Amino acid sequence: MTTDARRGLALISPTVVYVLLLLAAPLAAVVTFSFWTQDFLTIDRTLTLNNYREAFTDPIYRTLMLRSLTISGVVTVVTVVLAFPIAYFVSFQVHPSRKALWIFLITIPFWTSYLLRVFLWKVILGFNGVLNSGLLSLGLIDEPITFILYNANAVVITLAHAFAPFTILPIYVALEKIDRSLIEASQDLGESKVTTFFRVTLPLAMPGVIAATLIVFIPTIGDYVTPRLVGGPNGLMIANMIQTQFLKLNNAPMGATLAVLAMCAVTAISLVFVFFNRRYLR
Amino acid sequence: MKGGWLRIYAIAYLVFLYLPVVLLPLFAFNDGTVMAFPLKGFTTQWFVQLAGIEALHGALLNSLFIALVTASLSVIFGICAARASTRYTFPLKAPIMGAIMVPLVLPEIIVAVSLLVVVVQVFDLPLSAWTVVAGHTLICTPFAIAILSSSFQGLDQSLEEAAIDLGETRWGAFKNIILPLVSPGIVASFLICFTISLDEFIIAFFLTGAEPTLPVYIWSQLRFPTKIPAVMALGTVMLVASLIILSVAEYYRRRGIARVGGTDSGGFL
């Protein structure tokens with residue numbers, strides 16, 4: 001091994017050791033726990049697939065898991081589709097000297113307490129909420145609309161808001177990297193603005209879109225605050241169940257099983273997604 | 001006007017982004033406990049009330065302690081990793097860096113649950129501020145690495161070589177040449193990690209002991225409608241504090257990029 005390689009490894013080792021001890025080892029512990037069972041106050045340490053069997057057969061777990069994946073998927077699509085035009089606008093149409101200002105404007109709201117942001121969405125979307133009273137006073141509706149709070153829609157709206165900057169920034173960075181002369185060349189060679197966008201700009205921006213998709217999809221599955229505050233009984237997600245298993249039902253093995261399953265499901269979907277988009281990542 | 005429809009869309013999107021943020025101070029200064037329009041009148045009583053809540057002060061001190069320790073640890077781990085990855089090539093570099101950055105894309109509840117299992121079930125230790133620090137350091141380190149990497153990246157390696165040629169030791173060159181050059185990046189990443197830790201709830205809720213952190217305290221208050229206005233006031237104070245901290249961080253980040261002669265790409269993330 002060269003001196004450089006040894007120095008590099010030595011320098012990075014504290015960080016690696018920390019990640020191994022506090023992430024890799026605990027993850028391994030969670031996986032182990034998922035094969036154990038809770039026997040009232042003690043934990044039965046014989047390896048068994050009982051938890052997994054229960055997770056797959058009990059309709060409540062299945063419903064929650066499928067709903068979580070659906071909500072996360074919808075949130076991802078909504079957030080990325082809404083965010084792309086903003087990233088495009090800032091990258092292609094805002095004057096270079098004002099780009100930093102726009103990016104700053106976009107990120108400011110996200111330094112408000114996360115809990116309070118979610119709570120305020122509840123205030124906005126509620127029966128007597130800001131949105132309803134606004135629409136009522138404008139005469140646009142006759143009675144408060146109710147399909148926007150305490151259901152999956154509210155979860156989608158709130159999470160689409162919470163993850164906005166995490167989608168705008170990677171797409172923006174990818175768009176900034178595009179050599180503008182490629183777009184000129186495409187138009188010189190006879191493509192229209194629309195076909196240039198779909199055949200040149202969008203494919204070149206895909207690495208950013210893929211990153212944004214993963215950055216939204218993966219963490220949303222683990223959010224229990226938004227479903228709890230605005231989701232109502234039919235908007236609860238798997239993370240709420242994981243939390244309940246650990247903190248209320250005192251069934252760590254079942255909680256671990258659900259956590260492992262959620263993690264596997266998200267990883268599998270992400271890998272499939274990346275696989276189908278691999279040509280953009282070369 | 002340049003932009004046209006896109007500009008209108010962008011402004012509508014900004015309204016969507018700022019909607020909750022604008023409501024926060026509105027309700028904090030509103031003389032009523034009901035979170036709805038029309039507003040009742042102007043009052044500062046909720047801010048005055050904050051000064052008298054002892055549980056809040058305890059939670060605040062606890063959160064500040066956790067954020068300070070987390071930021072310090074994350075920056076140290078960040079310096080090691082960012083320096084190693086930008087300066088040296090070593091075997092398994094890509095997978096090692098990948099593993100370190102994993103917490104960035106891992107659902108936070110997974111980090112929370114895995115640490116909880118280890119601390120409570122495996123070692124049977126009590127939960128405390130330190131368990132929260134452990135979790136927060138894990139998720140903050142990748143942010144520190146991302147910011148510090150861009151500081152280290154722009155460094156001219158010949159500066160360090162010149163210092164060593166002129167008789168400095170390797171450590172001396174690092175301490176006297178490299179560190180001052182990247183110090184704006186260090187300040188920026190410290191402040192970012194501090195702010196992330198201060199606001200983090202999902203991990204803190206699982207790992208906090210008898211002493212709640214500020215977000216955990218806020219969570220406990222959200223159930224009581226009469227406590228909400230004071231929470232709004234608290235949120236307003238925290239927002240202003242965060243903005244000040246982040247403006248300072250942004251200032252240092254830009255100075256750092258200018259110092260090593262790079263161009264600004266805008267934004268933290």
Side-chain angles (χ1 to χ4, degrees), chain A residues 4-5 7-9 11-12 14-16 18-19 22-23 25-27 29-30 33 82 85-86 89 93 99-100 103 105-109 111-117 119-121 123-124 128-130 133 161 164-165 169 176 214-215 218-219 221-222 224-225 239 242 246 252 255-256 259 263, chain B residues 2-3 6-7 9-10 13-14 16-21 23-24 35-37 77 80-81 83-85 88-91 96 99-100 102-103 105 107-110 113-118 121-122 134 138 141 195 199 201-202 215 218-219 222 235 238-239 242-243 246 264-269:
Chain A
D4 249 22
R7 285 209 181 103
L9 280 175
L11 190 55
I12 206 165
T15 317
V16 173
Y18 188 81
V19 171
L22 282 117
L23 187 65
L27 283 179
V30 167
F33 259 72
L82 285 179
I86 300 298
F89 172 74
Q93 295 189 340
K99 283 181 181 178
I103 294 296
L105 274 179
I106 287 165
T107 38
I108 284 178
W111 298 104
T112 327
S113 158
Y114 171 64
L115 284 177
L116 292 185
R117 256 184 292 139
F119 179 81
L120 285 162
W121 274 109
V123 173
I124 294 169
N128 293 319
V130 174
S133 48
H161 180 264
L169 290 174
E176 281 289 278
L214 296 180
I215 284 175
I218 299 173
I221 206 92
Y224 59 85
V225 173
I242 297 175
F246 270 100
M263 213 163 35
Chain B
K2 230 183 155 192
L6 257 183
R7 180 176 291 271
Y9 176 76
Y13 195 86
L14 280 184
F16 166 67
L17 289 186
Y18 277 84
L19 197 56
V21 185
L23 291 178
L24 188 61
M35 297 283 108
F37 285 103
F77 289 134
C80 292
R83 171 76 171 156
S85 75
Y88 301 103
T89 44
F90 45 89
I96 288 177
I100 293 173
V102 156
V105 289
E108 286 181 347
I109 195 170
I110 303 290
V113 158
S114 55
L115 283 171
L116 183 76
V117 161
V118 169
Q121 310 270 359
V122 177
L138 212 47
T141 302
T195 319
D199 185 41
F201 171 75
I202 291 184
I218 292 176
W219 175 256
L222 287 180
M238 285 163 62
L239 174 62
S242 298
L243 288 182
L246 290 161
D264 191 2
S265 55
F268 283 117
L269 295 164

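Convention: sequence-line order gives letters A, B, ...; per-chain numbering from 1. Quick caveat: nothing in here was measured; it's all calculated off a predicted structure.
- Top candidate by heavy-atom pairs under 4.5 Å with chain A, chosen from B/Glu108, B/Met238, B/Arg83, is B/Arg83.
- When heavy atoms are compared at a cutoff of 4.5 Å, B/Ile96 approaches chain A solely by way of its side chain, counted from C-beta outward.
- The six-membered or imidazole ring of A/Trp121 lies near that of B/Phe16, with a centre-to-centre distance under 6.0 Å.
- A/Thr112 places a side-chain N or O within donor-acceptor distance of the main-chain N or O of A/Pro109, the cut-off being under 3.5 Å.
- Put simply, the side chain of B/Asp199 gets close to the backbone of A/Tyr114: a donor and an acceptor are under 3.5 Å apart.
- Ranked by heavy-atom pairs under 4.5 Å with chain A, the list B/Val105, B/Val118, B/Leu239, B/Val113 is led by B/Val113.
- Chain B forms more heavy-atom pairs under 4.5 Å with one residue of A/Leu116, A/Leu115, A/Ile215 than with any other, namely A/Leu115.
- Counting heavy-atom pairs closer than 4.5 Å to chain A, the top-ranked of the candidates B/Gly235, B/Pro103, B/Pro91 is B/Pro91.
- Interface residue B/Leu14: only side-chain heavy atoms are found under 4.5 Å from chain A.
- Listed here is the closest heavy atom pair of B/Pro107 and A/Ile221: CG-CG2, 3.8 Å.
- Between the CD1 atom in A/Ile218 and the CD1 atom in B/Ile110 there is a gap of 11.0 Å [rounded to 0.5 Å].
- The candidate with the highest count of non-hydrogen atom pairs below 4.5 Å against chain B, out of A/Asp4, A/Val19, A/Val30, is A/Asp4.
- The candidate with the highest count of non-hydrogen atom pairs below 4.5 Å against chain B, out of A/Ala256, A/Ala252, A/Pro14, is A/Pro14.
- The candidate from A/Ala29, A/Ser113, A/Ala25 with the greatest count of non-hydrogen atom pairs under 4.5 Å with chain B is A/Ser113.
- Formation of a donor-acceptor pair under 3.5 Å by the A/Tyr18 side chain with backbone atoms of B/Ala134 is found in this model.
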_If you apply the rule side chain to side chain contact (heavy atoms under 4.5 Å, CB included), what do you find for A/Tyr224 with B/Phe201, and how did you get there?_
CA-CA 10 Å; A/Tyr224 59 85; B/Phe201 171 75; 3.9 Å; yes
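- Only the side chain of A/Phe246 comes within less than 4.5 Å of a heavy atom of chain B; its backbone N, CA, C and O stay farther away.
- Using a 4.5 Å cut-off between heavy atoms, B/Ser114 contacts chain A through both its backbone and its side chain.
- With values rounded to the nearest 0.5 angstrom, A/Leu27 atom CG is found 10.5 Å from A/Leu22 atom CG.
- Remark: the backbone N or O of A/Ile108 is not paired with any side-chain donor or acceptor of B/Tyr18 at under 3.5 angstrom.
- Interface residue B/Leu138: backbone and side-chain heavy atoms are both found under 4.5 Å from chain A.
- Ranked by heavy-atom pairs under 4.5 Å with chain B, the first of A/Val16, A/Ile124, A/Ile242 is A/Ile124.
- In terms of heavy-atom pairs under 4.5 Å with chain A, the best-connected choice from B/Leu243, B/Thr141, B/Leu24 is B/Leu24.
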